[in-house]
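Sequential numbering from 1 along the given sequence is applied to the chain's residues. Heavy atoms only: backbone and side chains are in, while hydrogens, waters and symmetry mates are out.
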Amino acid sequence: MKDTLIGVDLAKNVFQLHGTSMTGDVKYRRKLSRTQFFRFMSEQPPALVVMEACGSAHYWARELVKLGHAVKLVAPQYVRPFVKRQKNDAADAEAIVIAARQPEMRFVEPKTADQQARAVLFRARERIVHQRTELVNALRAVLYEYGQVIPQGIGHVKRVEAIVENAEIDLPELVQEECRDLLAQISEKTVRIEEKTKKLANLSRHSETARRLQTMPGVGPLIALAVEAFAPAMESFRCGRDFAAWLGLVPRQFSSGGKERLGRVSKAGQADIRRLLILGAMARVSWASRKPPAQGSWLSRMLAKKPRMLVAIALANKMARKIWAMLTKHEDYRDPALVVAV
């Protein structure tokens, strides 16, 4: 049983430590450099170390576990209410300890090195997609100044190329050169996006978790890898509804006096998985408009009486709960219609 609780306020160069007993009695306050911090922690008996879930926290969690310490990560927004008066490193470290001692406190699961590597690749692809979107919008803005209105979307790049090379459209030579340069940059970004997409798809083929998730309609390699990279172990959630709430796919509550008031989705959770699940749900809803689902099914009943976007959000919530069930029970997706038929 560990008898010391150490709160660590992480930084690039100087770390602030606040050590207490499990009952809250202060043992020491230290300000250490990076090398001093690692040396100091290696000399300490096994303790419970608590840090904010911020930059480098997952790395230090893995390193401290190797030294025999137990590590817990607290979301920064849960620490903020416990900061006393002025904000500084010492006050932050003390607030981390106070927050960790709350019996109802929720902690962030430390990530493995492989999880972080997948997250880096996923975010790298997202970054290039944003850069390509910026270039496409810049190209549309240039042509708009000369009376050429181009719809949004990467799918209209061929139309832009035709406009730039059309001799009948009176574009100045400098504008044509700039447009060709932007088109070349867009083409280069597209090649890089395709390369990273193939790499992600290859990773999903070699992962049992990603393979299992892709048995669900609407879940592809990107969603499967995002769940594997960003989501904690599903056993940390009591039920599928908790996982959906963690993703921010539940309504915001404004309830008081026993009267429930529910608003739009909270968007308070993991944005990458939530966005991809909604896109996957929208794809299923769009497909249902061309090929209607089974008569009497949940999707059929919802589409008959609700707007498509609302149905997509509700479907994304159901997909999140099914993902939790599949990963906790270690089972592939089972189509409810086929289960009922059997």
Side-chain angles (χ1 to χ4, degrees), residues 118-204 218-226 229-230 247-249 264-291 303 307-313 315-316 319:
R118 286 177 168 83
V120 167
L121 178 59
F122 184 90
R123 289 273 166 78
R125 181 187 178 278
E126 291 293 298
R127 183 174 61 253
I128 300 173
V129 170
H130 288 311
Q131 292 171 353
R132 185 180 67 177
T133 302
E134 179 185 357
L135 291 169
V136 172
N137 289 337
L139 183 59
R140 291 175 56 242
V142 169
L143 292 176
Y144 181 67
E145 292 297 329
Y146 290 89
Q148 302 299 319
V149 180
I150 310 298
Q152 293 183 1
I154 188 66
H156 299 284
V157 171
K158 295 293 183 182
R159 177 177 171 181
V160 174
E161 292 177 354
I163 291 173
V164 173
E165 300 301 333
N166 190 344
E168 297 180 1
I169 298 176
D170 188 20
L171 290 177
E173 185 178 348
L174 286 175
V175 174
Q176 289 182 329
E177 291 178 0
E178 182 62 26
C179 289
R180 292 190 185 102
D181 181 60
L182 287 170
L183 285 168
Q185 293 182 61
I186 292 169
S187 176
E188 185 264 338
K189 298 291 183 188
T190 300
V191 171
R192 293 178 62 190
I193 290 170
E194 291 173 353
E195 290 176 353
K196 293 190 182 297
T197 302
K198 290 178 182 178
K199 189 178 294 186
L200 288 168
N202 186 51
L203 283 172
S204 68
V219 175
L222 287 181
I223 296 179
L225 261 297
F230 298 114
L247 292 176
L249 284 170
R264 299 180 178 182
V265 289
S266 65
K267 297 184 180 179
Q270 218 292 325
D272 301 281
I273 304 175
R274 181 180 65 246
R275 177 177 57 82
L276 290 172
L277 280 178
I278 293 173
L279 289 175
M282 278 298 296
R284 289 183 62 183
V285 170
S286 298
W287 178 253
S289 64
R290 295 193 295 270
K291 184 178 180 181
L303 287 172
R308 291 176 60 189
M309 192 62 202
L310 189 149
V311 176
I313 300 297
L315 180 57
M319 291 169 66

From CD (E161) to NZ (K158), nearest 0.5 Å | 5.0 Å
Calculate, to the nearest 0.5 Å, the distance between atoms CD and SG belonging to E177 and C179 respectively.
-> 10.5 Å
Enter the distance from M282:CE to I278:CD1 here, rounded to the nearest 0.5 Å.
-> 10.0 Å
Distance from M319 atom CE to L277 atom CG, nearest 0.5 Å?
-> 5.0 Å
Working to the nearest 0.5 Å, report the span between CD1 of I128 and NE2 of H130.
-> 11.5 Å
If you look at every heavy atom in L303 and A288, which pair is closest and at what distance?
-> CD1-CB, 3.7 Å
Heavy-atom closest pair (L225 atom, S204 atom, distance to 0.1 Å) is CD2-CB, 3.1 Å
To the nearest 0.5 Å, atom CZ of R159 lies from atom CG of L143 at 10.5 Å
Please tabulate, one pair per line, all N/O donor-acceptor pairs under 3.5 Å involving side-chain atoms of residues 118-127, not counting sequence neighbours.
residue	atom	partner	partner atom	Å
R123	NE	D272	OD2	3.4
R123	NH2	D272	OD2	2.5
R125	NE	T197	OG1	2.8
E126	OE1	R275	NH2	2.6

With sequence neighbours excluded, what pairs up with T133 under the side-chain hydrogen bond (donor to acceptor under 3.5 Å, both in side chains) test?
-> none
What are the two closest heavy atoms between S286 and R308, and how far apart are they?
-> OG-NH2, 3.1 Å
Please tabulate, one pair per line, all N/O donor-acceptor pairs under 3.5 Å involving side-chain atoms of residues 163-174, not counting sequence neighbours.
residue	atom	partner	partner atom	Å
E165	OE1	R180	NH2	3.4
E165	OE2	R180	NE	3.0
N166	OD1	E168	N	3.0

With sequence neighbours left out, which residue pairs that include part of residues 137-148 fulfil the side chain to side chain donor-acceptor pair (under 3.5 Å) condition?
-> N137-R140
Under 3.5 Å, which donor-acceptor pairs link side chains of residues 181-191 to any protein atom two or more places apart or in another chain?
residue	atom	partner	partner atom	Å
D181	OD2	Q185	NE2	2.9
K189	NZ	Q131	OE1	2.9
T190	OG1	R132	NH1	3.2
T190	OG1	I186	O	2.8

Taking all non-hydrogen atoms of both residues into account, name the closest pair between A316 and L249 and its distance.
-> O-CD1, 3.7 Å
Across all chains, not counting sequence neighbours, the side-chain hydrogen bond (donor to acceptor under 3.5 Å, both in side chains) partners of E194 are none
